[in-house]
Amino acid sequence: MNGEELMALCKRRGVFWPSAELYGGAQGLYDYGPVGVAIKKRLEEAWVQWFVGLSPDYHLIDPAEILPEAVVRASGHLANFADLEVLCGQCGTASRADHLLEEAGVASGEGLRPEEVRILLEERKVRCPRCGAEKLSVPTPFNLMFGLDFGATGRERAYLRPETAQGAYLAFPRMWEVARKQLPFGIGVIGKAYRNEIAPRQGLFRMRAFTQAELQIFFDPEEFLPEWEPMADLAIPVLRADERAAGSQEARPRTVRELVEKGGLPPFYAFHMAVLFRFARDVLGYPADRIRFLEKNEKERAFYNRIHMDLEVKLDSLGGFKEMGAVHYRGDYDLTRHGEGSGTDLSVTTSRGKHLVPHVLEVTFGVDRNLWALADLHLATEPSPDPGEPPRTVWRLPSYLAPTLVGVIPLIRKEHTSFARELSGKLRDEGLSTALELTGSVGKRYARLDEIGVPRALTIDAETITQGTVTIRDRDTRAQVRRPVIEVAAALRPGSIPPRFSAGAGEPTPGTRSISI
RNA sequence: GCGGUCAUAGUGUAGUGGUUAGCACGCAAGGUUCCCAACCUUGCAACCCGGGUUCGAAUCCCGGUGACCGCACCA
C-alpha cells in the first residue's frame, strides 16, 4: 500500500487525520481518531510491558512538557537547536551560517551572535553555495524548539521539550531516592515532544508534535551486565558505520555474541539492541528481513552519543528504511551537564562505596511512526479467497494491538440484536473491548471489522438463542468455530495481553497467535 | 525554506468561462437475503481560503494555506 492510499484509509476509518482541517490544515500536526487512539494506547501499553517490564527497578514517570530555559541551556539544546540561518537574496536558498563559515575557514562559528556572524560572512565575502551570489541576508536564528513566554510578565523564557528524555534526567536525583539508591535503575517516559521542523513530511514521520516512548537506564559502566547470553545466538542485521564508510549499503546479520566479542560493543549495549529488535519482530510483528540497525557515524550522531544505532524498518509507503527507534549510549553527558547547569553535584555513591556520575543508556521508540509502520506492514488489500467477490482489506494487527478485541454481529438484525447488545455489554463488564456491528449485510460488517484490524467477531444466530453457542470468526483466515457463549470471555482474554520480555532468542509472533480459538 | 505538480461530497474521481456540478464507493432509512463488501427503493453529502478579471469563475490571474515529488534541513 502506498503512502497516499494508507493516509486515505486512515482518514476514512478514523485512525488519524491532519489537524485543523477546517482551517486548511496545519503542517506537521495530526489528530488521532477513535481507532487511532485505541491502537496508540495499546501500542504504548505493549511498550511499557516490554521495556519498563525489563526490570523491577525500571519505573514510568510523567514529567512536565515545558522546560525552563536554564534546562535547555544546560542540555545543549539552546545552542545546538538554534542554528543561524541566512537566505540568499538572489535564489532564496537557505543555508546554515555556521556551515558557510566553516567552509570559509572560520574554525568555529558556534556561540557567536548574529551580528558577529554577519560581519564574518561579509569579511570573508561568503557567497551563496547554490547560485554564487554575494547577497546573503542578515543571519537569523532558527530554533527547532518552540519557545514560550512563561509567567505573567512574559519575560521568563521556557520551551516545549524537544525530547522526553530531559524530564527523566531532571528527575534523576529524586528517582535515586525512590529507587533506593541502587544502580542500575531505569526511567520510562511516554509523552509528547515538540520540534518546529522546517519541513514536516511523510505523514506521521516528521511531525511537529509527536509521541516518544523512551527508557533511560542509569548505570555504572563497570557493573552493568545484563544477561545477554540467552540471546547470544539471536541474529540481528546490522550495518556498521565503518562498513558504510567502505561503501556497503547492506546490513549483515550477526549474532549478539558476534556483536559483543568481535563487534566491540559493550554487552549492555548489544543486549538492548537485541531487546529492541525482538520488540519490533516479536511484539509488533515486523518481518525480520525488513528490520535492521544502522550505526550512525561521527558526523551524523550527536557528539555526546558514544554509540548510536537506529532501528530501521523498510516501508513500502515511504520508499525504504525508516528510523523507528534507537539505542544511544550517552555516557555521563546528561547528568554532568545538568550537574553543572544547576550547580548541584549529581554524582552518587553506590552501595559498594563507589563514587560516580551514572552513565545513561537510552532506548527510544517513536510511537506515531511505529503506528504508521503497523499500518504499512500489516494492512493490505488482497484478493478474496472466494472467486467473484471483491478484494478485501485486512489489517493483520497483533490482537493485543487491535483497537477493539472483538466485534459482535447479529446475523438477522431484527431477531438477534437485543441478544448481541446484551452479550457485548457482558463482555465489556469483563473488561474486554467490543464493537457492535448492526448495519449492512453480514459480509459488509465482517469487512469493516477486518479493515480496522479487529481480530475476532462473534456472530449471534438462531442457535445462539436456542443452544447458547456463538460462532467466533478469525479475521485472518475467516474460519469460524462454534463455542458456548459462557466460554467466550475466557477464550478471548489472553489475546488482549501484550507479551513481556523473557530471556532467549524469542520467535516471530504471528498476529493473533495468542488467541487460541 | 527553494523548485516542480496539485487541491471538486466521508473516500476516489469527471467536469477548461454559462451544467439542476456528473459518476463510483461510502453512509443513513426501508425492503429482500440470512454467514462473508449481493440486489431493489429512497435519502445524505463537495468546488481549500482571500482578493482580482468578467455580464457571469469550480474553470482565468494574484496571494495565502495544505498535500505530493526532488533539493536543503532533520542537536
Side-chain angles (χ1 to χ4, degrees), chain A residues 2-5 7-14 17-29 33 72 75-83 85-88 90-96 98-99 110 128-131 137 140 142-145 162-163 165 195-203 205-208 296 299-305 308 319 323 328 333 381 384-386 388-394 409-416 437-451 457-463 470-471 473-475 477-480 482:
Chain A
N2 70 40
E4 289 186 43
E5 286 171 345
M7 179 65 80
L9 188 132
C10 287
K11 281 157 78 172
R12 184 158 51 80
R13 285 298 178 203
W17 53 74
S19 296
E21 282 183 299
L22 192 54
Y23 288 91
Q27 247 186 68
L29 301 176
V72 293
S75 69
H77 287 97
L78 201 55
N80 291 312
F81 256 58
D83 301 318
E85 192 176 52
V86 289
L87 291 173
C88 173
Q90 181 158 303
C91 71
T93 298
S95 309
R96 278 180 56 173
D98 58 334
H99 287 177
E110 209 170 307
C128 170
R130 171 170 276 188
C131 71
S137 70
T140 47
F142 183 86
N143 197 322
L144 254 48
M145 288 192 296
E163 59 175 14
R195 294 181 193 179
N196 196 6
E197 293 283 355
I198 298 171
R201 242 177 228 189
Q202 298 189 305
F205 251 77
R206 296 264 301 275
M207 298 203 290
R208 289 189 166 135
K296 292 291 178 119
K299 275 195 172 172
E300 294 165 330
R301 69 176 191 249
F303 66 92
Y304 49 76
N305 277 331
H308 174 163
E323 178 192 348
H328 303 137
Y333 173 81
T381 300
S384 167
D386 298 329
E389 279 182 20
R392 70 173 191 140
T393 301
V394 194
I409 293 178
L411 185 60
I412 302 174
R413 196 173 171 183
K414 282 179 191 163
E415 295 173 27
H416 307 133
E437 278 288 348
L438 302 176
T439 64
S441 67
V442 168
K444 189 173 277 193
R445 288 180 266 169
Y446 288 141
R448 279 198 287 253
L449 294 170
D450 288 343
E451 209 168 53
L458 306 176
T459 310
I460 314 304
D461 58 15
E463 279 186 56
V470 285
T471 57
R473 172 190 181 270
D474 178 78
R475 174 194 67 202
T477 63
R478 311 199 316 167
Q480 286 179 296
R482 191 169 277 280

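Throughout, a chain's letter reflects where its sequence line sits, starting with A, and its residues are numbered from 1.
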The test is salt bridge (charged side-chain N to carboxylate O under 4.0 Å, His left out); show your working for A:Arg482 and A:Asp461 and say whether it passes. CA-CA 11 Å; A:Arg482 191 169 277 280; A:Asp461 58 15; 2.6 Å; yes
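For the pair A:Leu438 CG and B:rG30 C1', the computed distance is 16 Å after rounding to whole Å. Look at CD on A:Glu21: it is 7 Å from P on B:rU11, rounded to the nearest Å. Atoms CZ (A:Arg206) and P (B:rC69) sit 12 Å apart, rounded to a whole Å. The separation between A:Lys414 atom NZ and B:rA29 atom C1' is 13 Å, rounded to whole Å. Between A:Arg12 atom CZ and B:rA45 atom C1' the separation is 16 Å, expressed in whole Å.
At a threshold of 4.0 angstrom between heavy atoms, the contacts of A:Ser75 with the nucleic acid are absent. Residue A:Arg392 is in base contact, counting any heavy-atom pair closer than 4.0 Å across all strands shown. Among the atoms of the strands shown, base atoms are found under 4.0 Å from some heavy atom of A:Pro391. Counting any heavy atom pair closer than 4.0 Å across all strands shown, A:Ser19 reaches no nucleic acid atom. Using a 4.0 Å heavy-atom distance criterion, A:Glu163 is classed as a base contact. Counting non-hydrogen atoms under 4.0 angstrom, A:Phe303 reaches nothing in the nucleic acid. Base contact: A:Ala302 has a heavy atom under 4.0 Å from a base atom. Among the heavy atoms of the strands, none lies under 4.0 Å from A:Lys296. Residue contacts shown for A:Asp450 are absent, as no nucleic acid heavy atom lies under 4.0 Å away. Counting any heavy atom pair closer than 4.0 Å across all strands shown, A:Arg201 reaches a base atom.
Nucleotides of RNA chain B nearest to A:Gln480 and A:Gly440 differ in position, and the one nearer the 5' end is that of A:Gly440. If you find the closest nucleotide of RNA chain B to A:Lys11 and to A:Glu451, the one lying nearer the 5' end belongs to A:Lys11.
Closest approach to the A:Ala199 side chain among B:rC74, B:rG1, B:rC34 is made by B:rG1 (side chain taken as heavy atoms from C-beta onward). The side chain of A:Thr459 lies closest to B:rC35, out of B:rA67, B:rC35, B:rA37. Closest to the A:Arg413 side chain, of the nucleotides B:rA37, B:rC35, B:rA29, is B:rA29.
Ion pair A:Glu451/A:Arg392 not flagged as a salt bridge, since none of the NZ, NE, NH1 or NH2 atoms sits closer than 4.0 Å to an Asp/Glu carboxylate oxygen. We find that A:Glu197 and A:Arg208 are not joined by a salt bridge, their nearest charged nitrogen and carboxylate oxygen being 4.0 Å or further apart.
Using a 3.5 Å distance cut-off with no hydrogens or angles, the side chains of A:Arg448 and A:Thr393 do not pair a donor with an acceptor.
For A:Ser441 against B:rC36, no side-chain N or O and base N or O form a donor-acceptor pair under 3.5 Å.
Because its NZ or CZ atom is both nearer than 6.0 Å to the ring centre of A:Tyr446 and within 45° of the ring axis, A:Arg473 counts as a cation-pi partner of that residue.
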